[in-house]
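A, B, ... follow the sequence lines: proteins, then strands. Residue 1 opens every chain.
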2 protein chains.
Amino acid sequence: MAGSKLDPIDRHILAELQADGRMTNVELASRVGISAPPCLRRVRTLEEAGYIKGYHADIDAREMGFEVQVFAMVRLQSQAEADLSTFEGRCRAWPLVRECHMLNGEIDFILKCVAPDLSSFQSFLTEQLLKAENVANVKTSLVIRCAKDEPGLPFDVLEARLAKHA
Amino acid sequence: MAGSKLDPIDRHILAELQADGRMTNVELASRVGISAPPCLRRVRTLEEAGYIKGYHADIDAREMGFEVQVFAMVRLQSQAEADLSTFEGRCRAWPLVRECHMLNGEIDFILKCVAPDLSSFQSFLTEQLLKAENVANVKTSLVIRCAKDEPGLPFDVLEARLAKHA
DNA sequence: GGTTTGGCGAAAACATCTTGCGCGGTTGTG
DNA sequence: CACAACCGCGCAAGATGTTTTCGCCAAACC
């Protein structure tokens with residue numbers, strides 16, 4: 001089972017760093033119940049093994065003047081692999097698009113976008129996204145409010161599964 | 001304009017910490033071109049003022065055994081404020097639901113969910129989400145692949161706007 | 001039973017954080 | 001203009017945290 005190469009202390013480290021990525025190593029060590037040196041070694045190992053992909057400050061979008069968040073559901077005309085890749089490349093180049101997920105079902109892609117205001121999103125939509133070749137149809141939905149936005153993974157679910165399958 | 005209370009150095013700090021939230025303060029200071037003490041003071045101020053909401057390690061979901069990511073589009077029977085709040089409360093309590101956004105248009109909510117495998121998501125869907133009162137309709141879309149997943153905000157867009165409106 | 005492996009903790013060298021203080025530039029006012 | 005108040009910077013030093021080295025122990029494996 002995936003993640004089984006990690007012992008309980010490693011998983012505890014990941015959970016703590018997911019909750020507070022700027023914690024000092026000594027604080028982390030005391031929380032997970034080992035001393036600082038082995039704790040740091042474990043963190044380095046987890047980083048190098050790719051379990052930890054990075055650390056990011058979570059910045060308030062509205063405070064920074066990004067008032068608008070939009071989900072865009074995109075359908076393409078062609079779903080040939082080359083055309084999918086081309087579209088994905090465009091999404092990576094558009095700064096207002098923060099996430100681009102390819103889906104199954106009738107919708108080909110869902111895009112999470114941010115923008116300073118509605119008009120700048122509209123101009124992106126009409127001048128960039130809708131004009132992009134191979135785009136058949138785009139449905140956009142404005143985010144009215146955000147009830148939950150938990151970054152990362154539910155470690156409690158993981159622990160429960162490991163306990164059950166032990 | 002929002003974010004204008006921040007000077008270019010503050011914005012630079014935010015951009016750097018968004019890219020690498022575990023950078024040491026001296027490294028950060030040298031990158032933004034000031035010495036360490038004022039840099040730390042600025043970071044503390046930005047944290048207290050709410051510009052920085054937190055720091056999180058970005059952990060590889062698949063490595064940890066969360067193979068499945070799903071978007072669920074939810075329609076409710078009643079959109080009265082009390083019923084919306086009740087549903088949002090449920091979403092906050094469900095660990096598999098990582099994000100819950102209220103939308104305009106025909107879809108009331110979009111949920112981003114993770115799960116260890118398809119069957120555990122299916123059981124959540126049928127036993128929890130679909131059985132929740134007031135839920136009229138749920139359309140789910142499995143994420144086939146993720147082309148872009150940039151946490152945070154496009155600071156280059158912000159700088160361009162500030163330069164234009166200067 | 002010896003060897004290997006992996007992980008731990010103690011201690012020391014090194015780097016960073018944090019605080020107080022003085023300097024220089026800017027603003028507002030007489 | 002001159003002056004004072006203010007703001008933010010950099011410097012320096014003590015406190016704190018990080019990282020390396022080393023030796024030890026226990027489990028796994030010949």
Side-chain angles (χ1 to χ4, degrees), chain A residues 1-60 63-65 155 158-159 162-163 165-166, chain B residues 1-60 63-65 155 158-159 162-163 165-166:
Chain A
M1 180 171 172
S4 298
K5 287 155 291 186
L6 274 50
D7 68 11
I9 295 180
D10 285 323
R11 295 196 301 272
H12 196 173
I13 287 175
L14 292 176
E16 292 289 345
L17 285 180
Q18 177 174 278
D20 178 6
R22 220 174 154 74
M23 196 183 305
T24 66
N25 184 58
V26 296
E27 170 70 15
L28 179 63
S30 87
R31 288 195 185 212
V32 304
I34 60 177
S35 70
C39 183
L40 187 64
R41 281 194 290 267
R42 281 168 179 266
V43 172
R44 294 278 179 271
T45 303
L46 290 169
E47 288 170 355
E48 279 158 26
Y51 288 96
I52 299 175
K53 292 192 289 183
Y55 302 89
H56 306 283
D58 182 8
I59 294 173
D60 191 296
E63 289 276 355
M64 292 307 293
F155 275 88
L158 182 63
E159 294 300 333
L162 291 174
H165 299 319
Chain B
M1 181 172 174
S4 299
K5 287 156 291 186
L6 276 50
D7 68 11
I9 294 180
D10 284 323
R11 295 196 300 273
H12 196 173
I13 287 175
L14 292 175
E16 292 290 345
L17 284 179
Q18 177 175 280
D20 178 5
R22 220 175 152 76
M23 194 182 307
T24 66
N25 184 58
V26 296
E27 170 69 15
L28 179 62
S30 86
R31 288 196 184 210
V32 305
I34 61 177
S35 68
C39 183
L40 187 64
R41 282 193 287 264
R42 281 168 179 265
V43 172
R44 295 280 180 270
T45 304
L46 290 169
E47 287 170 356
E48 280 158 25
Y51 287 95
I52 299 176
K53 293 193 289 183
Y55 302 90
H56 305 284
D58 181 9
I59 295 172
D60 192 296
E63 289 277 356
M64 292 307 293
F155 275 88
L158 181 63
E159 295 300 332
L162 290 173
H165 299 320

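Here the side chain of B:Arg42 pairs no donor or acceptor atom with the backbone of B:Ile9 at under 3.5 angstrom. Proximity of a side-chain donor or acceptor of B:Arg11 to a complementary backbone N or O of B:Glu159 within less than 3.5 Å is not detected.
Between the CG atom of A:Leu46 and the CD1 atom of B:Ile59 there is a distance of 8.5 Å, given to the nearest 0.5 Å. Taking CG of B:Asp10 as the reference point, atom OG1 of B:Thr45 lies at 8.0 Å (rounded to 0.5 Å).
The nearest pair of heavy atoms linking B:His12 to B:Arg31 is CE1-O, 3.3 Å. Closest approach of A:Asn25 and A:Ala36 over heavy atoms only: ND2-O, 3.1 Å. Between B:Met64 and A:Leu14, the shortest heavy-atom contact is SD-CD1, 3.6 Å.
One atom, CD1 of B:Ile34, and another, C1' of D:dG10, lie 10 Å apart when rounded to the nearest Å. Rounded to whole Å, atom C1' of D:dG8 lies 15 Å from atom CG of B:Leu6.
Direction change of the helix axis from one end of the helix from C:dG1-D:dC30 to C:dG30-D:dC1 to the other is 30°, with five pairs defining each end axis (rounded to 10°).
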Quick one, give me the B/S/- string for nucleotides 18-24 of chain D, reading 5' to 3', where B means a protein heavy atom under 4.0 Å from the base and S means that only happens at the primed atoms, P, OP1 or OP2. BSB----
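The side chain of A:Arg42 places an N or O atom within less than 4.0 Å of a non-bridging phosphate oxygen (OP1 or OP2) of C:dC8.
Side-chain atoms of B:Tyr55 and B:Glu47 include a donor-acceptor pair closer than 3.5 Å.
Residue A:Ile9 places its side chain closer to C:dC8 than to any other of C:dG9, D:dG10, C:dC8.
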